[in-house]
Protein chains: 2
Amino acid sequence: MDERKWLFDLLNVEEQQLSEKQLNILQAAIEMFAEKGYAATSTSEIAKRAGVAEGTIFRHYKTKKDLLLAIVKPTLFQSVAPFLAKKFVKDVFENEYEHYEQFVRAVFKNRYEFVKTYLPAIRVLWQEMAFHSDIKVQFQTIFINHVYDKFKQIVEHFQQKGELALLPPETIIRLTITTIAGFLATRFLIMPDYPWDDEQEMERTIQFLMNGLKA
Amino acid sequence: MDERKWLFDLLNVEEQQLSEKQLNILQAAIEMFAEKGYAATSTSEIAKRAGVAEGTIFRHYKTKKDLLLAIVKPTLFQSVAPFLAKKFVKDVFENEYEHYEQFVRAVFKNRYEFVKTYLPAIRVLWQEMAFHSDIKVQFQTIFINHVYDKFKQIVEHFQQKGELALLPPETIIRLTITTIAGFLATRFLIMPDYPWDDEQEMERTIQFLMNGLKA
DNA sequence: CATAAAAGTGAGTGATTACTCACTTTTATT
DNA sequence: AATAAAAGTGAGTAATCACTCACTTTTATG
(Lines give C-alpha, C1' and ligand atoms only; values in the text may rest on other atoms or scores of the structure.)
Protein backbone atom coordinates (compact mmCIF):
# COMPACT_ATOMS: atom_id res chain seq x y z
CA MET A 1 0.00 0.00 0.00
CA ASP A 2 2.28 2.71 1.27
CA GLU A 3 5.97 2.45 0.53
CA ARG A 4 6.83 4.53 3.53
CA LYS A 5 6.90 2.07 6.36
CA TRP A 6 10.51 3.21 6.79
CA LEU A 7 9.33 6.65 7.81
CA PHE A 8 7.10 5.15 10.48
CA ASP A 9 9.89 2.91 11.68
CA LEU A 10 12.43 5.67 11.83
CA LEU A 11 10.26 8.25 13.50
CA ASN A 12 8.89 5.57 15.80
CA VAL A 13 5.40 6.96 15.62
CA GLU A 14 3.36 3.90 14.80
CA GLU A 15 0.81 4.75 17.44
CA GLN A 16 0.26 8.35 16.41
CA GLN A 17 -1.40 8.70 13.06
CA LEU A 18 0.22 11.15 10.74
CA SER A 19 -1.75 12.36 7.76
CA GLU A 20 -0.53 11.87 4.21
CA LYS A 21 0.45 15.53 4.04
CA GLN A 22 2.39 15.34 7.28
CA LEU A 23 4.40 12.43 5.92
CA ASN A 24 5.02 14.37 2.72
CA ILE A 25 6.37 17.26 4.76
CA LEU A 26 8.71 15.04 6.78
CA GLN A 27 9.97 13.20 3.74
CA ALA A 28 10.58 16.41 1.78
CA ALA A 29 12.34 17.98 4.76
CA ILE A 30 14.63 14.97 5.26
CA GLU A 31 15.58 14.90 1.59
CA MET A 32 16.24 18.61 1.28
CA PHE A 33 18.02 19.00 4.61
CA ALA A 34 20.25 16.09 3.65
CA GLU A 35 21.06 17.60 0.25
CA LYS A 36 21.44 21.29 0.95
CA GLY A 37 21.55 21.52 4.72
CA TYR A 38 18.99 22.88 7.18
CA ALA A 39 20.02 26.55 6.94
CA ALA A 40 20.05 26.59 3.13
CA THR A 41 16.59 25.02 2.80
CA SER A 42 13.58 27.33 2.95
CA THR A 43 10.18 26.37 4.30
CA SER A 44 8.62 27.47 1.01
CA GLU A 45 10.79 24.97 -0.86
CA ILE A 46 9.81 22.20 1.53
CA ALA A 47 6.13 23.06 1.10
CA LYS A 48 6.48 23.02 -2.67
CA ARG A 49 8.23 19.63 -2.73
CA ALA A 50 5.74 18.19 -0.23
CA GLY A 51 2.78 19.49 -2.23
CA VAL A 52 1.26 21.45 0.65
CA ALA A 53 0.75 25.09 1.52
CA GLU A 54 3.50 26.72 3.53
CA GLY A 55 1.05 27.35 6.39
CA THR A 56 0.48 23.60 6.74
CA ILE A 57 4.07 23.13 7.88
CA PHE A 58 3.61 25.65 10.68
CA ARG A 59 0.29 24.07 11.68
CA HIS A 60 2.26 20.99 12.77
CA TYR A 61 5.62 22.49 13.71
CA LYS A 62 5.73 25.79 15.53
CA THR A 63 9.09 26.71 14.01
CA LYS A 64 11.43 25.46 11.32
CA LYS A 65 13.76 24.26 14.09
CA ASP A 66 10.92 22.13 15.52
CA LEU A 67 10.64 20.43 12.15
CA LEU A 68 14.37 19.70 12.24
CA LEU A 69 14.10 18.23 15.73
CA ALA A 70 11.16 16.04 14.69
CA ILE A 71 13.57 14.42 12.24
CA VAL A 72 16.76 14.49 14.27
CA LYS A 73 15.57 13.24 17.66
CA PRO A 74 14.17 9.87 16.53
CA THR A 75 17.18 9.37 14.27
CA LEU A 76 19.48 10.04 17.20
CA PHE A 77 17.76 7.38 19.28
CA GLN A 78 17.71 4.89 16.41
CA SER A 79 21.43 5.46 15.90
CA VAL A 80 22.20 3.86 19.24
CA ALA A 81 19.10 1.67 19.36
CA PRO A 82 20.83 -1.68 19.99
CA PHE A 83 22.33 -0.33 23.20
CA LEU A 84 19.01 1.04 24.37
CA ALA A 85 17.37 -2.42 24.43
CA LYS A 86 17.03 -3.51 28.05
CA LYS A 87 18.17 -7.07 27.56
CA PHE A 88 21.13 -6.12 25.39
CA VAL A 89 23.91 -6.54 27.95
CA LYS A 90 22.25 -9.61 29.42
CA ASP A 91 22.31 -11.19 25.98
CA VAL A 92 26.06 -10.75 25.86
CA PHE A 93 26.75 -12.09 29.34
CA GLU A 94 24.49 -15.10 28.97
CA ASN A 95 26.60 -16.41 26.12
CA GLU A 96 24.41 -15.14 23.36
CA TYR A 97 27.81 -14.05 22.05
CA GLU A 98 30.63 -16.34 23.04
CA HIS A 99 33.35 -14.11 21.63
CA TYR A 100 33.86 -10.36 21.19
CA GLU A 101 34.08 -11.02 17.47
CA GLN A 102 30.53 -12.36 17.40
CA PHE A 103 29.32 -9.34 19.29
CA VAL A 104 31.13 -6.97 16.91
CA ARG A 105 29.77 -8.86 13.91
CA ALA A 106 26.21 -8.50 15.16
CA VAL A 107 26.55 -4.79 15.88
CA PHE A 108 28.33 -4.13 12.60
CA LYS A 109 25.77 -5.92 10.46
CA ASN A 110 22.94 -4.28 12.34
CA ARG A 111 24.32 -0.74 11.99
CA TYR A 112 25.22 -1.37 8.34
CA GLU A 113 21.59 -2.13 7.58
CA PHE A 114 20.50 0.88 9.62
CA VAL A 115 22.72 3.32 7.74
CA LYS A 116 21.79 1.78 4.40
CA THR A 117 18.09 2.15 5.14
CA TYR A 118 17.94 5.60 6.72
CA LEU A 119 20.91 7.32 5.10
CA PRO A 120 19.27 10.70 4.38
CA ALA A 121 17.99 11.14 7.94
CA ILE A 122 21.37 10.09 9.32
CA ARG A 123 23.08 12.66 7.10
CA VAL A 124 20.83 15.35 8.54
CA LEU A 125 21.62 14.29 12.11
CA TRP A 126 25.39 14.29 11.63
CA GLN A 127 25.53 17.43 9.52
CA GLU A 128 23.41 19.54 11.81
CA MET A 129 25.00 18.27 15.02
CA ALA A 130 27.98 20.44 14.06
CA PHE A 131 25.87 23.60 14.05
CA HIS A 132 23.32 23.04 16.83
CA SER A 133 24.93 22.56 20.21
CA ASP A 134 21.65 21.38 21.74
CA ILE A 135 21.63 18.42 19.37
CA LYS A 136 25.28 17.66 20.09
CA VAL A 137 24.66 17.79 23.85
CA GLN A 138 21.71 15.40 23.50
CA PHE A 139 23.91 12.99 21.57
CA GLN A 140 26.68 13.13 24.14
CA THR A 141 24.21 12.67 26.99
CA ILE A 142 22.62 9.62 25.41
CA PHE A 143 26.01 8.14 24.60
CA ILE A 144 27.33 8.55 28.14
CA ASN A 145 24.14 7.41 29.89
CA HIS A 146 23.04 4.57 27.66
CA VAL A 147 25.86 3.41 25.42
CA TYR A 148 29.17 3.91 27.15
CA ASP A 149 28.41 2.09 30.42
CA LYS A 150 26.95 -0.96 28.72
CA PHE A 151 29.73 -1.09 26.16
CA LYS A 152 32.29 -0.87 28.95
CA GLN A 153 30.77 -3.85 30.79
CA ILE A 154 30.91 -5.89 27.62
CA VAL A 155 34.53 -4.98 26.91
CA GLU A 156 35.60 -5.80 30.48
CA HIS A 157 33.75 -9.10 30.24
CA PHE A 158 35.81 -10.18 27.23
CA GLN A 159 39.00 -8.78 28.70
CA GLN A 160 38.50 -11.05 31.70
CA LYS A 161 38.00 -13.95 29.33
CA GLY A 162 41.45 -13.08 27.94
CA GLU A 163 40.19 -12.24 24.48
CA LEU A 164 40.98 -8.55 24.39
CA ALA A 165 44.15 -6.55 25.02
CA LEU A 166 44.30 -4.95 28.44
CA LEU A 167 43.94 -1.44 27.08
CA PRO A 168 41.63 0.99 28.87
CA PRO A 169 38.06 0.00 27.92
CA GLU A 170 37.42 3.49 26.56
CA THR A 171 40.27 3.02 24.10
CA ILE A 172 38.88 -0.33 22.94
CA ILE A 173 35.43 1.22 22.61
CA ARG A 174 36.83 4.13 20.62
CA LEU A 175 38.81 1.86 18.28
CA THR A 176 35.83 -0.43 17.76
CA ILE A 177 33.41 2.37 17.00
CA THR A 178 35.74 4.39 14.76
CA THR A 179 36.66 1.26 12.79
CA ILE A 180 33.01 0.43 12.14
CA ALA A 181 31.96 4.05 11.67
CA GLY A 182 35.00 4.61 9.45
CA PHE A 183 33.84 1.87 7.11
CA LEU A 184 30.25 3.11 7.05
CA ALA A 185 31.30 6.74 6.50
CA THR A 186 33.65 5.76 3.68
CA ARG A 187 31.11 3.41 2.12
CA PHE A 188 28.03 5.65 2.29
CA LEU A 189 29.21 9.24 2.62
CA ILE A 190 32.68 9.70 1.17
CA MET A 191 32.76 7.17 -1.68
CA PRO A 192 29.18 5.97 -2.26
CA ASP A 193 29.83 5.51 -5.99
CA TYR A 194 32.87 3.22 -5.61
CA PRO A 195 32.06 -0.39 -6.56
CA TRP A 196 32.20 -1.95 -3.13
CA ASP A 197 31.98 -5.64 -2.30
CA ASP A 198 30.33 -4.92 1.01
CA GLU A 199 30.40 -8.43 2.46
CA GLN A 200 34.08 -8.92 1.74
CA GLU A 201 35.13 -5.46 2.88
CA MET A 202 33.21 -5.82 6.14
CA GLU A 203 34.89 -9.19 6.69
CA ARG A 204 38.33 -7.63 6.19
CA THR A 205 37.42 -4.79 8.52
CA ILE A 206 36.40 -7.23 11.26
CA GLN A 207 39.58 -9.27 10.85
CA PHE A 208 41.61 -6.05 11.10
CA LEU A 209 39.74 -4.99 14.21
CA MET A 210 40.10 -8.34 15.97
CA ASN A 211 43.80 -8.60 15.14
CA GLY A 212 44.34 -5.10 16.40
CA LEU A 213 42.53 -5.70 19.68
CA LYS A 214 43.50 -9.25 20.59
CA ALA A 215 45.35 -9.88 23.84
CA MET B 1 54.46 41.49 15.60
CA ASP B 2 51.45 39.85 14.08
CA GLU B 3 50.13 36.68 15.68
CA ARG B 4 48.61 35.54 12.46
CA LYS B 5 51.40 33.78 10.70
CA TRP B 6 49.11 30.76 10.77
CA LEU B 7 46.72 32.49 8.40
CA PHE B 8 49.53 33.16 5.95
CA ASP B 9 50.73 29.60 6.24
CA LEU B 10 47.30 28.10 5.79
CA LEU B 11 46.22 30.25 2.90
CA ASN B 12 49.68 29.88 1.37
CA VAL B 13 49.75 33.46 0.23
CA GLU B 14 53.05 34.65 1.55
CA GLU B 15 53.90 36.33 -1.71
CA GLN B 16 50.65 38.26 -2.08
CA GLN B 17 50.23 40.92 0.51
CA LEU B 18 46.87 41.00 2.15
CA SER B 19 45.85 44.11 4.02
CA GLU B 20 45.01 44.06 7.71
CA LYS B 21 41.32 44.33 6.88
CA GLN B 22 41.48 41.46 4.41
CA LEU B 23 43.01 39.27 7.09
CA ASN B 24 40.29 40.36 9.50
CA ILE B 25 37.67 39.34 6.98
CA LEU B 26 39.20 35.90 6.40
CA GLN B 27 39.66 35.24 10.10
CA ALA B 28 36.11 36.32 10.94
CA ALA B 29 34.71 34.23 8.09
CA ILE B 30 36.64 31.11 9.17
CA GLU B 31 35.48 31.46 12.76
CA MET B 32 31.84 32.08 11.94
CA PHE B 33 31.57 29.50 9.17
CA ALA B 34 33.09 26.96 11.55
CA GLU B 35 30.65 27.82 14.34
CA LYS B 36 27.36 28.35 12.52
CA GLY B 37 27.99 27.07 9.04
CA TYR B 38 28.32 28.93 5.76
CA ALA B 39 24.61 29.21 4.98
CA ALA B 40 23.68 30.45 8.44
CA THR B 41 26.33 33.19 8.50
CA SER B 42 25.48 36.52 6.88
CA THR B 43 27.95 38.82 5.20
CA SER B 44 26.82 41.65 7.48
CA GLU B 45 27.78 39.57 10.54
CA ILE B 46 31.19 38.83 9.05
CA ALA B 47 31.73 42.52 8.30
CA LYS B 48 30.76 43.44 11.85
CA ARG B 49 33.09 40.88 13.45
CA ALA B 50 35.91 41.85 11.07
CA GLY B 51 35.42 45.55 11.79
CA VAL B 52 34.92 46.53 8.16
CA ALA B 53 32.06 47.78 6.03
CA GLU B 54 30.01 45.16 4.26
CA GLY B 55 31.06 46.58 0.90
CA THR B 56 34.70 45.86 1.69
CA ILE B 57 34.02 42.13 1.62
CA PHE B 58 32.59 42.35 -1.88
CA ARG B 59 35.51 44.53 -3.02
CA HIS B 60 37.76 41.47 -2.52
CA TYR B 61 35.36 38.60 -3.14
CA LYS B 62 32.79 38.88 -5.89
CA THR B 63 30.31 36.67 -4.05
CA LYS B 64 29.91 35.09 -0.64
CA LYS B 65 30.71 31.74 -2.23
CA ASP B 66 34.04 33.14 -3.47
CA LEU B 67 34.89 34.02 0.12
CA LEU B 68 34.13 30.44 1.13
CA LEU B 69 36.35 29.07 -1.62
CA ALA B 70 39.20 31.39 -0.61
CA ILE B 71 39.15 29.56 2.74
CA VAL B 72 38.34 26.05 1.57
CA LYS B 73 40.69 25.61 -1.36
CA PRO B 74 43.98 26.23 0.47
CA THR B 75 42.73 24.14 3.40
CA LEU B 76 41.93 21.31 1.03
CA PHE B 77 45.46 21.36 -0.38
CA GLN B 78 47.04 21.62 3.07
CA SER B 79 44.97 18.64 4.21
CA VAL B 80 46.86 16.35 1.87
CA ALA B 81 50.04 18.44 1.78
CA PRO B 82 52.52 15.67 2.73
CA PHE B 83 51.47 13.63 -0.29
CA LEU B 84 51.79 16.62 -2.61
CA ALA B 85 55.53 17.03 -1.92
CA LYS B 86 57.45 15.75 -4.93
CA LYS B 87 60.11 13.84 -3.02
CA PHE B 88 57.62 12.23 -0.65
CA VAL B 89 57.49 8.76 -2.19
CA LYS B 90 61.22 8.80 -2.90
CA ASP B 91 61.83 9.46 0.80
CA VAL B 92 59.94 6.29 1.66
CA PHE B 93 61.67 4.10 -0.90
CA GLU B 94 65.14 5.32 -0.09
CA ASN B 95 64.84 4.01 3.44
CA GLU B 96 63.92 7.29 5.03
CA TYR B 97 61.33 5.04 6.65
CA GLU B 98 62.53 1.51 7.19
CA HIS B 99 59.15 0.21 8.36
CA TYR B 100 55.51 1.02 7.61
CA GLU B 101 55.16 1.87 11.28
CA GLN B 102 57.71 4.68 10.98
CA PHE B 103 55.90 6.01 7.94
CA VAL B 104 52.56 5.91 9.75
CA ARG B 105 54.06 7.57 12.79
CA ALA B 106 55.42 10.44 10.71
CA VAL B 107 52.14 11.00 8.87
CA PHE B 108 50.08 10.69 12.07
CA LYS B 109 52.19 13.18 14.04
CA ASN B 110 52.25 15.56 11.10
CA ARG B 111 48.48 15.51 10.55
CA TYR B 112 47.84 15.74 14.30
CA GLU B 113 49.73 19.03 14.40
CA PHE B 114 47.96 20.20 11.28
CA VAL B 115 44.49 19.57 12.68
CA LYS B 116 45.44 21.07 16.03
CA THR B 117 46.70 24.25 14.37
CA TYR B 118 44.06 24.86 11.74
CA LEU B 119 41.00 23.27 13.32
CA PRO B 120 38.44 25.99 12.45
CA ALA B 121 39.37 26.07 8.77
CA ILE B 122 39.33 22.26 8.64
CA ARG B 123 35.85 22.26 10.19
CA VAL B 124 34.66 24.60 7.45
CA LEU B 125 36.12 22.38 4.74
CA TRP B 126 34.57 19.17 6.03
CA GLN B 127 31.22 20.68 6.94
CA GLU B 128 30.68 22.45 3.64
CA MET B 129 31.94 19.57 1.53
CA ALA B 130 28.65 17.88 2.36
CA PHE B 131 26.62 20.70 0.80
CA HIS B 132 28.76 21.89 -2.12
CA SER B 133 29.34 19.18 -4.68
CA ASP B 134 32.01 21.25 -6.44
CA ILE B 135 34.13 21.17 -3.28
CA LYS B 136 33.55 17.44 -2.85
CA VAL B 137 34.54 16.76 -6.46
CA GLN B 138 37.73 18.79 -6.00
CA PHE B 139 38.58 16.75 -2.93
CA GLN B 140 37.98 13.46 -4.69
CA THR B 141 40.02 14.57 -7.70
CA ILE B 142 42.99 15.62 -5.59
CA PHE B 143 42.81 12.42 -3.56
CA ILE B 144 42.74 10.17 -6.62
CA ASN B 145 45.41 12.08 -8.57
CA HIS B 146 47.86 12.96 -5.83
CA VAL B 147 47.28 10.86 -2.75
CA TYR B 148 45.94 7.46 -3.74
CA ASP B 149 48.62 6.49 -6.28
CA LYS B 150 51.51 7.45 -4.04
CA PHE B 151 49.97 5.80 -1.01
CA LYS B 152 49.43 2.65 -3.04
CA GLN B 153 53.10 2.48 -4.07
CA ILE B 154 54.14 2.83 -0.47
CA VAL B 155 51.78 0.10 0.73
CA GLU B 156 52.91 -2.30 -2.01
CA HIS B 157 56.53 -1.55 -1.10
CA PHE B 158 56.01 -2.69 2.48
CA GLN B 159 53.86 -5.61 1.41
CA GLN B 160 56.79 -6.86 -0.68
CA LYS B 161 59.03 -6.47 2.34
CA GLY B 162 56.61 -8.81 4.12
CA GLU B 163 55.53 -6.26 6.70
CA LEU B 164 51.90 -5.86 5.72
CA ALA B 165 49.05 -8.30 5.21
CA LEU B 166 48.33 -9.13 1.59
CA LEU B 167 45.03 -7.32 1.57
CA PRO B 168 44.16 -5.12 -1.41
CA PRO B 169 46.20 -1.91 -1.05
CA GLU B 170 43.02 0.17 -1.14
CA THR B 171 41.77 -1.69 1.92
CA ILE B 172 45.03 -1.07 3.80
CA ILE B 173 44.90 2.60 2.77
CA ARG B 174 41.31 2.88 3.95
CA LEU B 175 42.01 1.22 7.30
CA THR B 176 45.10 3.37 7.86
CA ILE B 177 43.35 6.62 7.04
CA THR B 178 40.14 5.90 8.94
CA THR B 179 42.11 4.81 12.00
CA ILE B 180 44.13 8.04 12.04
CA ALA B 181 41.17 10.22 11.01
CA GLY B 182 39.00 8.40 13.55
CA PHE B 183 41.35 9.42 16.34
CA LEU B 184 41.61 13.01 15.13
CA ALA B 185 37.84 13.35 14.67
CA THR B 186 37.15 11.90 18.11
CA ARG B 187 39.86 14.00 19.72
CA PHE B 188 39.10 17.36 18.11
CA LEU B 189 35.51 17.26 16.88
CA ILE B 190 33.43 14.78 18.85
CA MET B 191 34.98 14.92 22.33
CA PRO B 192 37.31 17.95 22.42
CA ASP B 193 36.61 18.49 26.15
CA TYR B 194 37.56 14.97 27.26
CA PRO B 195 40.89 14.92 29.17
CA TRP B 196 43.02 13.18 26.59
CA ASP B 197 46.60 12.02 27.01
CA ASP B 198 47.34 12.59 23.37
CA GLU B 199 50.80 10.99 23.25
CA GLN B 200 49.64 7.81 24.93
CA GLU B 201 46.42 7.51 22.95
CA MET B 202 48.24 8.02 19.67
CA GLU B 203 50.71 5.33 20.69
CA ARG B 204 47.88 2.90 21.41
CA THR B 205 46.24 3.77 18.12
CA ILE B 206 49.45 3.03 16.20
CA GLN B 207 49.94 -0.28 18.00
CA PHE B 208 46.35 -1.21 17.17
CA LEU B 209 46.84 -0.27 13.53
CA MET B 210 50.10 -2.18 13.15
CA ASN B 211 48.71 -5.28 14.85
CA GLY B 212 45.69 -5.15 12.64
CA LEU B 213 47.67 -4.81 9.43
CA LYS B 214 50.67 -7.06 10.01
CA ALA B 215 51.28 -9.98 7.68
C1' DC C 1 54.24 66.76 -4.94
C1' DA C 2 50.91 65.17 -8.55
C1' DT C 3 48.13 61.60 -10.11
C1' DA C 4 46.01 57.42 -10.67
C1' DA C 5 44.91 53.10 -8.96
C1' DA C 6 43.45 50.43 -5.19
C1' DA C 7 41.07 49.97 -0.88
C1' DG C 8 37.34 51.15 1.92
C1' DT C 9 32.64 52.94 2.84
C1' DG C 10 27.53 52.69 3.95
C1' DA C 11 23.04 53.91 2.37
C1' DG C 12 20.14 51.74 -0.86
C1' DT C 13 17.78 47.67 -3.57
C1' DG C 14 14.94 43.90 -4.95
C1' DA C 15 14.46 39.28 -3.53
C1' DT C 16 13.69 36.03 -0.09
C1' DT C 17 13.04 34.63 4.65
C1' DA C 18 10.28 32.41 8.63
C1' DC C 19 6.09 32.96 10.29
C1' DT C 20 0.88 34.74 11.01
C1' DC C 21 -3.94 34.80 10.54
C1' DA C 22 -8.52 34.97 8.85
C1' DC C 23 -10.66 31.77 6.35
C1' DT C 24 -12.18 27.09 4.10
C1' DT C 25 -12.28 22.12 4.02
C1' DT C 26 -12.05 17.64 6.11
C1' DT C 27 -12.68 14.47 9.87
C1' DA C 28 -14.52 12.74 14.21
C1' DT C 29 -18.27 12.53 17.56
C1' DT C 30 -22.92 12.42 19.01
C1' DA D 1 -27.59 15.36 10.29
C1' DA D 2 -25.58 18.75 13.38
C1' DT D 3 -21.55 20.41 15.51
C1' DA D 4 -17.02 20.99 16.95
C1' DA D 5 -12.34 20.12 16.39
C1' DA D 6 -8.56 19.40 13.50
C1' DA D 7 -6.25 20.01 9.19
C1' DG D 8 -5.23 22.79 5.39
C1' DT D 9 -4.79 27.22 2.83
C1' DG D 10 -2.34 31.32 0.76
C1' DA D 11 -2.05 36.23 0.80
C1' DG D 12 0.29 39.25 3.80
C1' DT D 13 4.34 41.05 6.90
C1' DA D 14 8.45 42.74 9.00
C1' DA D 15 13.06 41.38 8.97
C1' DT D 16 16.98 40.04 6.78
C1' DC D 17 19.56 38.57 2.77
C1' DA D 18 23.53 39.12 -0.77
C1' DC D 19 25.01 42.49 -3.44
C1' DT D 20 25.59 47.45 -5.88
C1' DC D 21 27.29 51.93 -6.51
C1' DA D 22 28.52 56.65 -6.07
C1' DC D 23 31.63 58.40 -3.19
C1' DT D 24 35.89 59.11 0.09
C1' DT D 25 40.36 57.71 1.81
C1' DT D 26 44.75 55.45 1.45
C1' DT D 27 48.66 53.76 -1.03
C1' DA D 28 51.94 53.31 -4.79
C1' DT D 29 54.57 55.37 -8.55
C1' DG D 30 57.10 58.80 -11.39
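Not measured: the values here are computed from a predicted model. Chain A is the first sequence line, chain B the second, and so forth, proteins listed ahead of strands; every chain is numbered from 1.
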A.B. asks: Just the rounded figure in Å: distance from C1' of dT16(D) to CD1 of Ile46(B).
C.D. replies: 15 Å
A.B. asks: Between the side chains of Ser44(B) and Glu54(B), is a donor N or O closer than 3.5 angstrom to an acceptor N or O?
C.D. replies: no
A.B. asks: Check the surroundings of atom NZ in Lys65(A): do more than 12 heavy atoms from other residues, nucleotides or ligands lie under 6.0 Å from it?
C.D. replies: yes
A.B. asks: Please report the distance, rounded to the nearest Å, between NZ in Lys36(A) and C1' in dT17(C).
C.D. replies: 13 Å
A.B. asks: Between Arg187(A) and Glu201(A), is the salt bridge (charged side-chain N to carboxylate O under 4.0 Å, His left out) condition met? List the steps.
C.D. replies: CA-CA 10 Å; Arg187(A) 166 68 180 83; Glu201(A) 202 60 21; over 6 Å; no
A.B. asks: With sequence neighbours excluded, give me every salt bridge (charged side-chain N to carboxylate O under 4.0 Å, His left out) pair touching residues 68-92 of chain A.
C.D. replies: Lys87(A)-Asp91(A)
A.B. asks: When the distance from CD of Glu45(B) to C1' of dA18(D) is rounded to whole Å, what number comes out?
C.D. replies: 13 Å
A.B. asks: For Lys48(B) and dA18(D), what is the distance between atoms NZ and P respectively, to the nearest whole Å?
C.D. replies: 14 Å
A.B. asks: May I have the distance from Asp66(A) (atom CG) to dC19(C) (atom C1'), rounded to whole angstrom?
C.D. replies: 12 Å
A.B. asks: Whole angstroms only, please: what is the CG-C1' distance between Leu68(A) and dC19(C)?
C.D. replies: 17 Å
A.B. asks: Can you tell me if Gln78(A) and Thr75(A) form a side-chain donor-acceptor pair at under 3.5 Å?
C.D. replies: no
A.B. asks: What does Ser42(B) touch in the nucleic acid at a heavy-atom separation under 4.0 angstrom: a base, only the sugar-phosphate, or nothing?
C.D. replies: sugar-phosphate
A.B. asks: Any N/O pairs under 3.5 Å between the protein and nucleotides 7-10 of chain C? List them or say none.
C.D. replies:
| unit_1 | atom_1 | unit_2 | atom_2 | d |
| --- | --- | --- | --- | --- |
| dG8(C) | OP1 | Ser19(B) | OG | 3.2 |
| dG8(C) | OP2 | His60(B) | NE2 | 2.6 |
| dG8(C) | N7 | Arg59(B) | NE | 3.0 |
| dG8(C) | O6 | Arg59(B) | NH2 | 2.7 |
| dT9(C) | OP1 | Lys21(B) | NZ | 2.9 |
| dT9(C) | OP2 | Ala53(B) | N | 3.0 |
| dT9(C) | OP2 | Thr56(B) | OG1 | 2.7 |
| dT9(C) | O4 | Arg59(B) | NH2 | 3.1 |

A.B. asks: Give a yes/no answer on whether the side chain of Ser44(A) brings an N or O atom under 4.0 Å of OP1 or OP2 in dT16(C).
C.D. replies: no
A.B. asks: To 10°, what angle do the rotation axes through the five end pairs on each side of the helix from dC1(C)-dG30(D) to dT30(C)-dA1(D) form?
C.D. replies: 30°
A.B. asks: Would you tell me whether Thr141(A) and Gln138(A) have side-chain atoms, one donor and one acceptor, within less than 3.5 Å of each other?
C.D. replies: no
A.B. asks: When you compare the side chains of Tyr100(A) and Thr176(A), does any donor N or O come within less than 3.5 Å of an acceptor on the partner?
C.D. replies: yes
A.B. asks: A cation-pi test, strictly: NZ or CZ of Lys116(B) under 6.0 Å from the centre of the six-membered ring of Phe188(B) and no more than 45 degrees from its axis. Yes or no?
C.D. replies: no
A.B. asks: Count the heavy atoms of every other residue, nucleotide or ligand shown that sit under 6.0 Å from NE2 of His146(B), and state whether that count exceeds 12.
C.D. replies: no
